[in-house]
Amino acid sequence: MGKVRTRLLGFGSLLCSKHILPTRCSIQRNILVCRVENYHKIAIVGCGIAGISLCYYLCKLSAELQKPCHITVFDPCQPGSGGASRVAAGLLHPFSPSSKLLWNGLEAFRLATQVIRLVESQLGTNIIQNWGIMRLALTEKQHKQLEQAVVSFPHRVQLFQGVDLDHILGWNSAAISGLLLKDACTIHTGEYIRGLFQLCMQLGRVEWRPEIVRHVEDLKQTNEFQDIVFCTGADINFIGGISGHVSITRSFGRNFYYHQGETNLPLKVPIICGRYLIPGKTTFIAGATFEGDSCLSDQLAQDMQISDVQSRLDKLVPGIFDHLQFIHMDGAFRALPERTQLGSIPIIDQLGTSNKCNIWLYTGLGSRGILYHAWLSQQLAKAIVFHDANKLPHQVRRKLSDEK
């Protein structure tokens with residue numbers, strides 16, 4: 001019998017492996033079930049922005065090459081509902097805090113924007129929240145960095161000062177100047193990941209299993225998958241058989257949510273300057289990334305962090321918090337890779353091959369997951385489908401060792 005490509009009736013392309021028969025098609029409980037031994041079976045551990053975007057590009061590339069794959073995503077939380085992706089502020093732009101272009105920033109930005117717009121058009125939902133982001137300068141050093149960015153990227157940024165800056169912001173700012181990142185945007189990250197997962201299920205055979213994977217051997221010993229990819233972010237340090245192979249430190253991303261009450265605040269543009277403030281229709285999000293293993297239950301740490309964020313932002317847009325009502329806070333750990341000469345670049349590599357099963361690492365996106373997720377997932381998908389780790393950019397191949 002040749003390859004069978006019939007989709008599940010009544011379930012789109014969602015296929016649960018526990019219903020797969022090893023030999024032929026049959027009817028089971030009114031569900032059409034087809035054999036998939038000819039499919040490339042891939043496990044993705046983690047369904048945040050890295051795992052789901054990888055799933056999308058694997059489905060897309062497999063469909064283009066007519067090499068069907070069956071992907072199983074493992075995560076106790078539903079796509080976009082756990083880990084750092086759950087609380088990602090959704091800031092998308094290709095620049096560093098010093099307003100320099102990030103490593104491969106333009107291509108990553110182009111592809112990320114393209115996929116986000118695709119999700120919007122295919123599902124008819126609004127993912128992009130704001131167009132434009134303003135980076136503010138409080139010091140002369142920061143101001144000079146913004147001026148240099150205008151010289152380097154005149155078509156992508158614009159510098160504002162004084163009343164012009166206040167007019168663009170919609171608020172009187174105490175900043176020396178502001179650099180408008182004209183093509184930048186903020187997105188609803190959770191909605192985007194959930195939408196992207198819907199596209200995955202339309203493109204190929206995909207299932208989500210609400211399970212925790214604690215060790216590489218948990219999946220290898222099933223002999224079910226040809227490739228296993230660990231996209232577990234800051235939790236990579238706690239996966240048995242993985243933790244010693246990467247150098248990842250954890251930082252804590254914290255968001256504070258505010259309601260603007262009956263007053264419709266005129267702030268029009270998200271602002272960044274070490275901290276960020278994102279205006280919404282009814283809710284504002286303020287936040288930052290903090291060093292160290294801050295704990296959600298540590299009340300002292302929470303109080304210090306909210307004071308830090310509000311005091312910093314109040315210097316940029318004085319008095320704004322007088323008009324905002326604090327609702328709640330949320331946070332999650334982010335995976336930070338060791339800095340390289342090119343900055344903080346994620347880590348993607350093949351850990352090894354045994355028993356015809358390839359193990360891959362995909363971690364260290366830190367606070368730049370929105371920027372890098374599409375481009376890096378596209379590169380990793382090619383490496384997996386073509387069985388060639390050399391298709392990955394050499395800058396991301398930074399595993400420590402294959403020896404345990």
Side-chain angles (χ1 to χ4, degrees), residues 5 7-8 10-15 44 46-69 71 73 78-81 85-95 104-133 155-156 180-208 231 268-270 278-283 285 365 368-382 385:
R5 296 177 185 169
R7 294 180 183 270
L8 280 178
F11 285 82
S13 57
L14 181 63
L15 182 66
I44 297 176
C47 63
I49 197 166
I52 298 306
S53 59
L54 174 60
C55 182
Y56 168 75
Y57 278 104
L58 284 168
C59 291
K60 183 174 183 293
L61 183 58
S62 297
E64 291 170 354
L65 298 174
Q66 295 186 339
K67 295 182 177 180
C69 65
I71 301 174
V73 182
Q78 294 183 6
S81 301
S85 295
R86 185 190 80 252
V87 296
L91 296 158
L92 174 58
H93 64 85
F95 296 101
N104 209 59
L106 292 181
E107 175 62 11
F109 177 77
R110 182 194 67 80
L111 199 57
T113 304
Q114 177 182 316
V115 179
I116 291 167
R117 298 306 295 264
L118 176 65
V119 172
E120 284 191 321
S121 64
Q122 291 292 313
L123 302 181
T125 183
N126 293 324
I127 301 298
I128 297 174
Q129 181 179 7
N130 302 285
W131 280 107
I133 296 175
H155 301 297
R156 294 185 174 275
L180 180 64
L181 313 180
K182 294 189 284 188
D183 297 330
C185 64
T186 61
I187 69 169
H188 298 285
T189 309
E191 293 182 24
Y192 167 58
I193 296 173
R194 289 186 285 274
L196 192 58
F197 189 63
Q198 290 184 45
L199 290 189
C200 292
M201 291 191 292
Q202 294 174 13
L203 282 171
R205 299 186 181 275
V206 178
E207 65 165 307
W208 163 61
C231 308
K268 304 173 184 177
V269 185
I278 303 172
K281 291 182 179 179
T282 59
T283 303
I285 302 175
L365 273 71
R368 293 171 183 162
I370 304 295
L371 173 64
Y372 282 125
H373 75 283
W375 181 68
L376 289 179
S377 292
Q378 183 187 66
Q379 306 310 306
L380 180 53
K382 292 177 182 177
V385 171

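Since this is a predicted model, take the numbers as computed values, not measurements.
In this structure, the side chains of C59 and V206 come closer than 4.5 Å at one or more pairs of heavy atoms. The closest side-chain heavy-atom distance from C231 to L54 is below 4.5 Å. Taking 4.5 Å as the limit, some side-chain heavy atom of Y56 sits within range of a side-chain heavy atom of L118. Looking at I370 and L91, their side chains never come closer than 4.5 Å, going by heavy atoms from C-beta outward. Residues T125 and H188 form no side-chain contact, since every pair of their non-hydrogen atoms from C-beta on lies 4.5 Å or further apart. Put simply, the side chain of T113 does not reach to within 4.5 Å of the side chain of D183, judged on heavy atoms. Side-chain contact between S53 and V115 is absent, with no heavy-atom pair separated by less than 4.5 Å. By the 4.5 Å heavy-atom criterion applied to side chains, L123 and Q202 are counted as neighbours.
In this structure, the separation between NZ on K382 and CG on L65 is 10.5 Å, given to the nearest 0.5 Å. Note that the CG atom of L181 and the CH2 atom of W131 stand 12.5 Å from one another [nearest 0.5 Å]. One finds the CD1 atom of I187 at 10.0 Å from the CD1 atom of I278 (value rounded to the nearest 0.5 Å). For the atom pair CG of L365 and CD1 of I49, the computed distance is 8.0 Å after rounding to the nearest 0.5 Å. Once rounded to the nearest 0.5 Å, the distance linking SG of C200 with NZ of K60 reads 12.0 Å. Annotation: the span from E191 atom CD to I116 atom CD1 amounts to 12.5 Å, rounded to 0.5 Å.
Summarising the geometry of L58 relative to V385, their closest heavy-atom pair is CD2-CG2, 3.9 Å, with the distance given to 0.1 Å. G105 approaches P94 most closely through the heavy-atom pair O-CB, 3.5 Å. The shortest non-hydrogen separation linking H93 to A184 is CB-CB, 3.7 Å. Here the closest heavy-atom approach between residue V73 and residue C55 is recorded as CG2-SG, 4.4 Å. In this structure, Y57 and A374 approach most closely via the heavy-atom pair CE1-O, 3.3 Å. The two residues V119 and I127 have their closest heavy-atom pair at CG1-CG1, 4.2 Å.
With sequence neighbours left out, the side-chain hydrogen bond (donor to acceptor under 3.5 Å, both in side chains) criterion links Y192 to H373. By the side-chain hydrogen bond (donor to acceptor under 3.5 Å, both in side chains) test, N130 is found to be paired with T186, residues two or more places apart in sequence or in another chain being considered. By the side-chain hydrogen bond (donor to acceptor under 3.5 Å, both in side chains) test, R117 pairs with E120, sequence neighbours left out.
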Legend entry - salt bridge (Lys or Arg N to Asp or Glu O under 4.0 Å) between R110 and E107, intermediate numbers included: CA-CA 5 Å; R110 182 194 67 80; E107 175 62 11; 2.7 Å; yes
